[in-house]
Amino acid sequence: MERVRFAPSPTGHLHIGGARTALFNYLYAKRTGGKFIVRIEDTDLNRSTSESESAIIEGLKWFGINWDEGIEVGGPDEPYRSTERNHIYEPYVKKLLDEGKAYYCYCSEEEIEKERQESLSKGETYKYSGKCRNLTEEEKKELEAKGIKPVVRFRVPDDEPIIIDDVVRGKVEFNSNDIGDFIIVKSDGIPVYNFAVVIDDHLMKITTVIRGEEHLSNTPRQILIYKALGFDIPKFAHVSLILGKDRTKMSKRHGSTWVEQYRDAGYLPEALINFLALLGWSPEGDEEIFSLEELCEKFSLDRVVKNPAVFDIDKLNYINGIYIRKSSIDRMVDLCIPYLKNAGYITDEFAKENRDWITLLVSTFRERISYLSEIVNHVSILFNDEVKLEDEEAASVLKQEHVEGLLDELYDLVKVSDKLDNEIIQNIFKELKNRTGAKGKSLFMPVRVALTGQVHGAELVNIIELLGKDNVLKRIEYTKKNLL
RNA sequence: GGUUCUAUGGUCUAGUGGUUAGGACGCCGCCCUCUCACGGCGGUAACAGGGGUUCGAAUCCCCUUAGGACUACCA
């Protein structure tokens, strides 16, 4: 059975790239009937925070990506946070030390940094000198007496080819000569990520490691550890990165990079998932719109491409728009209310008492937005009491000769009806047409401009219904007085 | 600099030796329509360059170029 995992380090929000990695792992597990594990790799004490841990977990939950074993849900390999697994790593470090496959190193960071700078200035690649490789017991005692806390370094074997048979990239070959003895346990006794992942993945019986390409160059180090410990090496699948418009790794400079930011802007989780799935993976047919369930059935690592993908917000907007339009109106209303509230257009109380009105508003405007927060831009025309002419074109519509008479008739018609609903408004337009002889554009446009100040916009009948009788009358008065 | 990955329209991609190089986003046009949007239809646009291999290369090999990742007591 396949066992895969997502092992984020809690040093920030759930990044869009991390989300895709998690998604691919999840989809692969579902597709193969395997298990998906979520583990927190918090070996970096300085940068890890519990806030980001929960942010990441919340992000996954928001997507509807759940896991079979791991943090919060538990499982056979508890705990699922590496800082709590120190006692688990210890024996493996000891084993390596005892077998001479690792050794204590007392070099100071300053010393190492100096060596690094030197080789850098000479244009060489830095490799640890191996100075502490063969320290005698006496020398170690002496160094320790000075109070130096050693790190543990892995003794990298000479001239050993390391071949990764990557599921998505094919064979990738490294040579151990290019790798210096690297640190596996920091001086504070905490193992370094590269070491902890190996132990964790092994103990959790991970069969396929699906992760971002940024880890590809770490993989030889990890394979060396697998070999030294006599562990079976899992399959690796390195998925290429998501790039910004300038083709560098997506970062803050490129705009929103956290899933939280997309959620807040009003992107739907299923849309983001659909979009992310299409970044680096493609389905077999021409169809592109898939639910999470459908993706679970279709996903396959064979169809993951090697080349990096540029994050295209236009396409995301397109996909999100599709989901906004096809979701239940009730859900959209619930999701839009916070934006309307935030903009100061409605209150909680109003929302409770006027659900039908908000429903009409959302269904009127949802076909013109690509993300939910955009709705506030469109509805502003309903809430400003004064009609503002948008441009010259709008002004010229009102300058037509028949407009004043048209507005007078409209005023009368609205005034005598006790309420305005869709049918009544339709009838008012019919009657208006009879009385004035105006039809089509010359009938509707002046009304639209008189009421909204714009020559374009949503279904006019809906706008009138949303405005309501009083507002319509007020606006006609205002327009006649100020804009004609 | 070193190690390593990548290369089909502006973007995401299909394609695994013989295709009029397919789809999607974007853009443009038409239709629908009071307008805009939605929707429908149509169009625009690509195999980075150079060498091979082959009867035949987007597809296989090499070089060049361009871009990316890594190069920490970070992950």
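These values consider heavy atoms only, across backbone and side chains, with no hydrogens, waters or symmetry-generated copies. Below, chain A is the first sequence line, B the second, and so on; all start at residue 1.
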Side-chain N,O ([X]) to OP1/OP2 ([N]) below 4.0 Å:
X      : N     : value
A:K315 : B:A24 : no
A:T43  : B:C74 : no
A:R303 : B:U16 : no
A:K127 : B:G2  : no
A:N307 : B:U8  : yes

Proximity to the side chain of A:V305 - top-ranked nucleotide from B:C70, B:A14, B:U6: B:A14
Nucleotide of B:U35, B:C73, B:G68 approaching A:V151 most closely (side-chain heavy atoms): B:C73
Given RNA chain B, 5'-ward residue of the pair A:D314 and A:M445, judged by closest heavy atom: A:D314
Toward the 5' end of RNA chain B, by each residue's nearest nucleotide, A:V310 or A:H456: A:V310
Between [X] and [Y], is NZ or CZ placed under 6.0 angstrom from the six-membered ring centre and within 45° of the ring axis?
X      : Y      : value
A:K326 : A:Y323 : yes
A:R221 : A:F154 : no
A:R116 : A:Y126 : yes

Pairwise C1' distance for B:G52 and B:A45, with rounding to whole Å: 30 Å
Sugar-phosphate, base or nothing in reach of A:E459, heavy atoms under 4.0 Å: base
Sugar-phosphate, base or nothing in reach of A:Y318, heavy atoms under 4.0 Å: sugar-phosphate
Donor-acceptor pair (no angle test) under 3.5 Å: A:S9 side chain, B:C74 base: no
B:A37: pairing nucleotide in any strand, Watson-Crick or G-U under 3.5 angstrom: none
Exam field: side chain A:R153 to backbone A:C105, donor-acceptor pair closer than 3.5 Å: no
Rounded distance (Å) that lies between atom C1' of B:C70 and atom CD1 of A:I164: 12 Å
